[in-house]
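Below, all heavy atoms of this structure are taken into account, side chains as well, without hydrogens, waters or symmetry copies. Worth saying up front: this structure is predicted, and the values here are computed from it rather than measured.
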Amino acid sequence: MIVEAEAYGGPIDGPWPDSAAHSFRGPTPRSAVMFGPPGRLYTYRSHGIHVCANVVCAEDGVAGAVLLRAAVIEDGAPLAAARRGPTVAPVAFARGPGNLCSALGITLQDNGIDLLDPHGPVRLELGVPLDAAEGPRVGVSTAADRPWRYWVSGRPEVSAYRRSPRAPTPGASD
DNA sequence: GGTAAGATCAGC
DNA sequence: CTGATCTTACCT
């Protein structure tokens with residue numbers, strides 16, 4: 001169950017100009033999936049170490065995606081534990097975008113797959129609407145104050161907020 | 001062809 | 001606060 005996510009937009013001339021998005025400067029080999037049809041998985045390598053996963057949300061041809069930042073592991077906890085290591089508490093199995101992919105076994109190989117395909121290796125199901133809080137996104141050095149991070153209040157699985165050390169003074173305009 | 005920064009995380 | 005670790009995108 002996803003309990004934390006962040007929205008990312010696209011190029012300057014699109015509906016959601018977003019300098020913090022990989023798609024900001026137009027399609028590239030890495031960000032191509034963000035410009036494709038919705039319901040697909042966009043994965044990328046972060047800081048040379050981790051894998052992060054997004055759900056493409058905008059119509060085909062328009063860049064827009066949601067980064068999955070934290071989740072509750074409702075089933076398969078032993079497998080998640082094996083993937084995360086013996087020192088990690090269950091509440092932290094999928095806390096943070098890199099950890100989430102680690103716990104779920106999502107890799108760069110999964111980039112571009114259809115999350116709505118019932119036979120696919122990674123699938124997404126719509127759940128009940130949850131009451132979400134909103135605030136600035138984590139780790140981005142531009143558009144740092146845009147409140148495009150959403151999380152379920154009070155959930156211990158939600159990751160801690162960390163502003164990028166490279167981000168300008170809080171309150172500065174985009 | 002070189003290089004700096006990065007949608008992160010864990011350990012000190 | 002810092003190091004790990006490597007890909008991407010931008011610069012020349």
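Cation-pi geometry between Arg155(A) and Trp151(A) is not met: the NZ or CZ atom fails to fall both under 6.0 Å from the ring centre and inside 45° of the normal.
For the pair Asn111(A) CG and dT7(C) C1', the computed distance is 14 Å after rounding to whole Å. We find that CZ of Arg45(A) is positioned 15 Å from P of dA9(C), with the value rounded to whole Å. Glu4(A) has its CD atom 13 Å from the C1' atom of dT8(B), to the nearest Å. Atom CZ of Arg162(A) is separated from atom P of dA7(B) by 17 Å (rounded to the nearest Å). The nearest whole Å value for the distance from the CZ atom in Arg137(A) to the P atom in dT8(B) is 11 Å. Going from atom CZ of Arg163(A) over to atom C1' of dC1(C) covers 18 Å, rounded to whole Å. Whole-Å rounding puts the Phe93(A) CZ to dA10(B) P distance at 12 Å.
Taking the nucleotide of DNA chain B with the nearest heavy atom to each of Asn99(A) and Ser141(A), the more 5' of the two is matched to Ser141(A). Summary of the strand contacts: His50(A) and Leu108(A) both lie near DNA chain C, and taking for each the nucleotide with the nearest heavy atom, the more 5' one is attributed to His50(A).
Residues His22(A) and Tyr8(A) keep their aromatic ring centres 6.0 Å or farther apart.
To the nearest whole angstrom, the two P atoms, one in dG2(B) and one in dT5(C), are 23 Å apart.
Phosphate proximity of dA7(B) to Ser46(A): absent, as no side-chain N or O sits under 4.0 Å from OP1 or OP2. For the OP1/OP2 pair of dT7(C) and a distance below 4.0 Å, the side-chain nitrogens and oxygens of Arg30(A) include no atom meeting the criterion. Note on His22(A): a side-chain N or O is less than 4.0 Å away from OP1 or OP2 of dA7(B). For dC10(C), one of the phosphate oxygens OP1 or OP2 lies less than 4.0 angstrom from a side-chain nitrogen or oxygen of Arg25(A). Between dA7(B) and Arg146(A), no contact under 4.0 Å exists linking OP1 or OP2 to a side-chain N or O. Side-chain nitrogen and oxygen atoms of Arg69(A) include at least one within less than 4.0 Å of the OP1 or OP2 phosphate oxygen of dT8(B).
We find that the ring of His47(A) and the base of dT8(B) stack, their centres lying under 5.5 angstrom apart and their planes tilted less than 30°. In this structure, the aromatic ring of Tyr44(A) is not positioned over the six-membered ring of the base of dA7(B) within 5.5 Å between centres and 30° between planes.
Considering only side-chain atoms of Val140(A), the nucleotide from dA7(B), dA4(C), dA10(B) that sits closest is dA7(B). When the nucleotides dA9(C), dA7(B), dT5(C) are ranked by their closest atom to the side chain of Pro29(A), dA9(C) comes out on top. Of the listed nucleotides (dA7(B), dA9(C), dT8(B)), dA7(B) has the atom at the smallest distance from the side chain of Tyr8(A). Comparing atom distances between the Thr28(A) side chain and each of dC9(B), dA4(C), dA9(C) picks out dA9(C) as nearest.
Contact annotation: the side chain of Phe93(A) never approaches that of Ser102(A) to less than 4.5 Å [non-hydrogen atoms, C-beta and beyond]. When side chains are defined from C-beta on, Leu104(A) does not count as touching Val122(A), because their heavy atoms never get closer than 4.5 Å.
Using a 4.0 Å heavy-atom cutoff across all strands shown, Arg149(A) reaches no nucleic acid atom at all. Base contact: Asn54(A) has a heavy atom under 4.0 Å from a base atom. Across all strands shown, Ser164(A) has no heavy atoms under 4.0 Å from either base or sugar-phosphate atoms.
Base-pair partner of dA9(C): dT3(B) (Watson-Crick or G-U wobble, both distances under 3.5 Å).
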Report the C-alpha separation of Val33(A) and Val56(A) in whole Å, then their side-chain angles, then the decisive distance to 0.1 Å, and conclude whether the side-chain contact (heavy atoms from CB on, under 4.5 Å) test is met. CA-CA 8 Å; Val33(A) 173; Val56(A) 178; 3.9 Å; yes
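Asp131(A) CG: 12 or fewer foreign heavy atoms inside a 6.0 Å radius.
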